[in-house]
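Notes to accompany the following structure.
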Amino acid sequence: MSSAILSLDRINKVFGTGDLSLHVLKDVSLDVEQGEFVSIMGPSGSGKSTLMNIIGTLDKPTSGAYVLEGEPVHELNERRIAQLRNESIGFVFQHFFLLARSNAVANVELPLIYAGRSRAERREIAERALDRVGLAAKHRSLPNQLSGGEKQRVAIARAISTGPKFILADEPTGALDTTTSAQIMELFRDLNADGTTIIMITHEQDIANCADRIVRIRDGRIESDERIRGRRVATAGDAEGVADAEPERAG
Ligand code: ADP
Ligand code: MG
């Protein structure tokens with residue numbers, strides 16, 4: 001039985017029409033299972049952000065099927081898609097997108113407001129998430145009092161606070177120096193070891209190498225899909241096991 005949390009089947013994305021149309025994604029098929037840490041890698045202009053927007057349900061494919069947690073996103077109305085997005089996906093972006101006038105706790109609480117949590121619950125969940133990402137001493141700091149790495153940690157705390165099915169990160173280290181990038185990747189590996197599924201988009205090989213699986217995209221097509229280290233085995237009721245580092249190639 002497949003434990004795929006998301007499945008893309010022959011996704012195509014064409015921007016514009018007629019002579020000016022641009023075929024950006026070409027028959028992209030991809031399954032991601034619970035517990036995976038996948039990086040999607042490709043050069044600038046290869047279609048990564050377009051693919052991220054589709055996986056994140058922020059944009060719809062021109063053709064093809066996208067099934068997220070068993071639901072056919074391509075057939076759902078906007079209201080249901082927004083609900084599914086809020087429940088399922090924790091977004092992390094290159095430029096953090098924190099509210100400048102709100103402290104760390106308030107930033108992390110934001111999606112919990114939309115999730116309908118009470119004030120007391122929000123506070124507790126947000127503080128726990130900030131502790132989890134190593135910011136126990138920075139709960140009341142404003143974004144401009146935090147370093148880049150700390151800001152990204154707040155954004156990651158915000159992403160995990162709602163208990164999403166997966167984290168979707170677009171160039172999460174794109175604005176960070178090498179040392180800080182490595183620390184953020186260490187945090188991702190740590191969260192993944194605890195069972196968080198991560199899909200990370202990057203154009204940097206070093207960063208991509210931190211995942212267990214690398215999907216390479218070029219000119220809108222999947223060029224390769226390769227497991228680079230032992231992956232977590234998701235079995236019913238138990239996502240603890242780690243398989244041997246048996247290289248395994250798809251396709
Ligand atoms: P990447 O993130 O890998 O750099 P993108 O997905 O952002 O690549 O872009 C892939 C191609 O699609 C580029 O040629 C870009 O100009 C084009 N593109 C992206 N978004 C749009 C859009 N909304 N309208 C038209 N063309 C777009
Ligand atoms: Mg991009």
Side-chain angles (χ1 to χ4, degrees), residues 6-32 36-68 73-74 76 78 81-82 85 88-98 148-149 151-152 155-156 158-159 164 166-178 180-182 184-185 187-188 197-226 228 250-251:
L6 67 86
S7 178
L8 302 169
D9 185 25
R10 283 163 293 161
I11 294 287
N12 284 272
K13 181 69 182 179
V14 180
F15 288 113
T17 50
D19 287 350
L20 294 174
S21 73
L22 192 61
H23 195 162
V24 174
L25 295 178
K26 299 160 187 164
D27 284 331
V28 170
S29 295
L30 180 69
D31 279 14
V32 176
E36 283 202 286
F37 184 177
V38 186
S39 52
I40 297 174
M41 210 204 144
S44 180
S46 57
K48 301 185 299 296
S49 292
T50 303
L51 181 57
M52 150 129 185
N53 288 341
I54 289 173
I55 293 174
T57 74
L58 302 165
D59 198 3
K60 284 190 168 182
T62 307
S63 68
Y66 177 24
V67 178
L68 173 57
V73 178
H74 54 285
L76 302 176
E78 287 306 325
I81 290 173
R85 180 190 308 135
S88 310
I89 311 174
F91 290 92
V92 175
F93 300 98
Q94 177 174 359
H95 296 293
F96 327 124
F97 293 137
L98 302 180
K151 282 184 223 179
Q152 196 57 301
I156 293 166
R158 181 181 57 192
F166 62 96
I167 286 181
L168 185 56
D170 193 8
E171 305 275 3
T173 61
L176 305 175
D177 63 62
T178 311
T180 310
S181 296
I184 293 295
M185 285 305 102
L187 174 60
F188 271 9
T197 305
I198 301 174
I199 302 172
M200 175 176 74
I201 284 151
T202 182
H203 67 276
E204 293 176 85
Q205 183 71 58
D206 287 358
I207 296 299
N209 286 344
C210 295
D212 294 340
R213 171 182 170 196
I214 301 181
V215 175
R216 267 172 228 282
I217 173 166
R218 181 175 295 275
D219 292 333
R221 280 185 201 283
I222 291 186
E223 186 180 54
S224 64
D225 182 349
E226 192 177 357
I228 58 168

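Residue numbers count from 1 along this sequence. Just follow the structure's listing: the first ligand is 1, and inside any ligand the first atom is 1. Only this structure's heavy atoms are used, side chains among them; waters, hydrogens and symmetry mates stay out.
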*asked:* Here's a test for you: under side chain to side chain contact (heavy atoms under 4.5 Å, CB included), which of I40, V38, I207 qualifies with M200?
replied: I207
*Only counting residues at least two apart or in another chain, list the ones meeting side chain to side chain contact (heavy atoms under 4.5 Å, CB included) with A175.*
Q94, H95, F96
*Taking the Mg ion (ligand 2) as the center, what protein N, O or S atoms are found at less than 2.8 Å?*
S49 OG
*asked:* Any side-chain to backbone donor/acceptor pair from K13 onto L25? Under 3.5 Å, distance only.
replied: no
*asked:* Would I214 and N209 count as a side-chain contact (heavy atoms from CB on, under 4.5 Å) here? Give the steps.
replied: CA-CA 7 Å; I214 301 181; N209 286 344; 3.6 Å; yes
*Donor-acceptor pair, side chain of S39 and main chain of A208, under 3.5 angstrom*: yes
*Taking all atoms of both residues into account, what is the closest heavy-atom pair of M52 and A169, and its distance?*
SD-C, 4.3 Å
*Can you list the residues that meet the side chain to side chain contact (heavy atoms under 4.5 Å, CB included) rule with A82, with sequence neighbours excluded?*
R85
*Hey, does the side chain of K151 reach the backbone of L98 with a donor-acceptor pair shorter than 3.5 angstrom?*
no
_Please output the residues near ligand 1 using a strict heavy-atom distance under 4.0 Å, listed in chain and residue-number order._
F15, L22, V24, P43, S44, G45, S46, G47, K48, S49, T50
*Provide the closest heavy-atom pair for N12 versus H23 in the form atom of the first, atom of the second, distance.*
OD1-NE2, 2.8 Å
